[in-house]
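What follows is one structure encoded as structure tokens, with my remarks underneath.
We use all heavy atoms of the structure for the numbers below, so side chains are in, but hydrogens, waters and symmetry mates are not.
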Amino acid sequence: MQPLLLSACVAVGMMLGYKLNNKPENSLFSTVEIQNDTDLKTGRVEELLRFIENKYVDTIDSELLIDEAAQAIFSKLDPHSLYLSPRDVQDAADQMDGAYSGIGIENYFIDDTVNISKILPQGSAKGAGLKVFDQIISIDGKKVAGQKMQYADIRELLRKENGTDVTISILRNKIPMQFTMQVASIPVKTVHARLLPEMETAVIKIDRFGSNTYKEFMEEVEKLFGDKKAKHLILDLRDNPGGILPEATNILCQIFEEKERLLLFTEGRNNKRNEYKSNGKRFFPIEKVVVLIDENSASASEIIAGAIQDWDRGFVIGRRSFGKGLVQEQYDLNNGGAIRLTVAKYYTPSGRSIQRDYSSRDQYDDDLSNRYEHGDYFHKDSSLVKNDSKYQTLLLKRPVSGAGGITPDIFISMPEIYKDPKAMLIKSYLPEFVFQYVARKQKIMAEANSANVLPLNKEIYTALHKFLTNKKDEFPNERDIPDLKGFEKEIKSLIQVLTAPNDPNNEKYEDDEFVQSAIDVILTSKTLEKPKK
């Protein structure tokens, strides 16, 4: 019996080993277990790919098919669950890490050519002698100008390991030049601050919430509030798409002096309620607070605005925010890519959901354009959001909107000129036009030895009109072009950024209706009721 039993065990072991070895590797498309212990659906996509690879008549790119299949799967989920390719993962890491590997340039891709628009002081490009308006012709001997290459592919040629040399050929005033420089880690600031001394107010703008945002924020707060130059804070979150949640909650802890004050909570089908509260460790006193938001303020930006509004800590000024209140977790894949999966929703302290309705994906994707057409950007009381639930702030019991993002306390209309859809289109072309116009005026600027020799006169508007008439698809008739003097503020700002990028006086708050409204609030309004500890 003993030999028989031993033989049976060996046979069973071999069968089990065969079954286990035959299971697909852990990947995006491996075995999925259906709930309630029903049937297992094993590797359907991988099975299909094997058949295609072995039997299909033509040669195929398996990686491309997998990417397409992944995108199709995630298109059936919420709008913020994503499949990220390896390149997407690297791009996202660069944005969040507060640094990227490069030579320190910013650029415009115009007429199939990369034009340098800014030289960063921390990069090797500055030391090598590259200048604004240089046109990149080749990178490491590979011609990139006029080659119909995708901009992402050109950028990839500059993405090398730190310490690696890269040689760039450029054209400067029609003269070819060549530079060799070293790729290095380039810090990218997410926080920018300035002081309005007459109002004892700091204006701190946050571009996004990256891994160093809280540290950068505290450096500015220490400089401005630590020396008692500032008492009040204008927090500018316009065009801020969000980012890393703890960076936002840490900033809120510096705005709320109370301990254990609820800042937000998250909840999901497979995630229990998780609360984020203030820690009571505020390092510098901040008196009045105003938050600036617009339709592009999303996620972590909305968390900050919502907490400050719900606790009556300050005023929110601007236009209704984006409405992105879904929590994603990222999971790495074997191919270097990742999936970013929604696991919960954000809620403000009063229980409001930041997330707008996404039951119709098409309507969700078109929301910003629908708001524009509906008039939401021009009229405070015009809103596409059906606010069925009634919410109140937690101290002063002010009514607040319960859906579709954060509705500001004080509304700022988009400039009237943009009621014309053609004006919105012209605005999108202004950076390209101004760059080319200023590039043509370099000689004049050099001879005058001044960056302020480009007045907004008839010449520049004539040049802009000619530029637009060449865009035949958008402006087939000259009468479709509105009065271009309505773009004076935007043109002036773009010229200043190009000609004097490091001039602290570039941003004039008198020209910024959002900041001016915030100043009015700080100077004229009474401090909101102080929260009870």
Measure centre to centre between the rings of His80 and Tyr364, then say whether the value is under 6.0 Å.
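Yes; Tyr364 has its ring centre under 6.0 Å from that of His80.
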Pairs satisfying salt bridge (Lys or Arg N to Asp or Glu O under 4.0 Å), at least one member in residues 459-469, at least two apart
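Only Lys441-Glu459 qualify under salt bridge (Lys or Arg N to Asp or Glu O under 4.0 Å).
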What residue pairs, at least two apart or across chains, pass salt bridge (Lys or Arg N to Asp or Glu O under 4.0 Å) with a residue in residues 154-164?
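Every salt bridge (Lys or Arg N to Asp or Glu O under 4.0 Å) pair that includes a residue of residues 154-164, provided the two are not neighbours, is Arg87-Glu156, Asp91-Arg155, Asp91-Arg159, Asp94-Arg159, Asp140-Lys160, Glu156-Arg159.
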Any side-chain donor-acceptor pair under 3.5 Å between Tyr429 and Glu474?
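Looking only at side-chain atoms, Glu474 and Tyr429 do form a donor-acceptor pair, the distance falling under 3.5 Å.
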Under a 3.5 Å threshold, yes or no: a donor from one side chain and an acceptor from the other, between Ser117 and Glu106?
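The answer is no; no qualifying pair exists.
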The criterion is salt bridge (charged side-chain N to carboxylate O under 4.0 Å, His left out); which residues satisfy it with [X], sequence neighbours excluded?
| X | value |
| --- | --- |
| Arg208 | none |
| Glu219 | Lys215 |
| Lys143 | none |
| Asp376 | Arg320 |

Side chains of residues 239-249: which donor-acceptor partners sit under 3.5 Å, not counting sequence neighbours?
residue	atom	partner	partner atom	Å
Asp239	OD1	Asn296	ND2	3.0
Asn240	OD1	Gly242	N	2.8
Asn240	OD1	Ser301	OG	3.1
Asn240	ND2	Ile206	O	2.8
Glu247	OE1	Thr213	N	3.3
Glu247	OE1	Tyr214	N	2.7
Thr249	OG1	Pro246	O	3.1

All N/O donor-acceptor pairs, side-chain side in residues 220-232, below 3.5 Å, sequence neighbours left out:
residue	atom	partner	partner atom	Å
Glu220	OE1	Lys223	NZ	3.4
His232	ND1	Lys288	N	3.3

Measure from NZ or CZ of Arg356 to the centre of the six-membered ring of Phe322, then state whether that distance is under 6.0 Å and the direction lies within 45° of the axis.
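Satisfied, under 6.0 Å and within 45°.
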Mind checking side chain to side chain donor-acceptor pair (under 3.5 Å) for [X] and listing every partner two or more places apart, or none if nothing turns up?
| X | value |
| --- | --- |
| Asp88 | Ser85 |
| Glu432 | none |
| Ser138 | Ser169 |

Pairs involving residues 481-490, ordered by first then second residue, that meet side-chain hydrogen bond (donor to acceptor under 3.5 Å, both in side chains) (sequence neighbours left out):
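Listed by first then second residue: Tyr418-Glu490.
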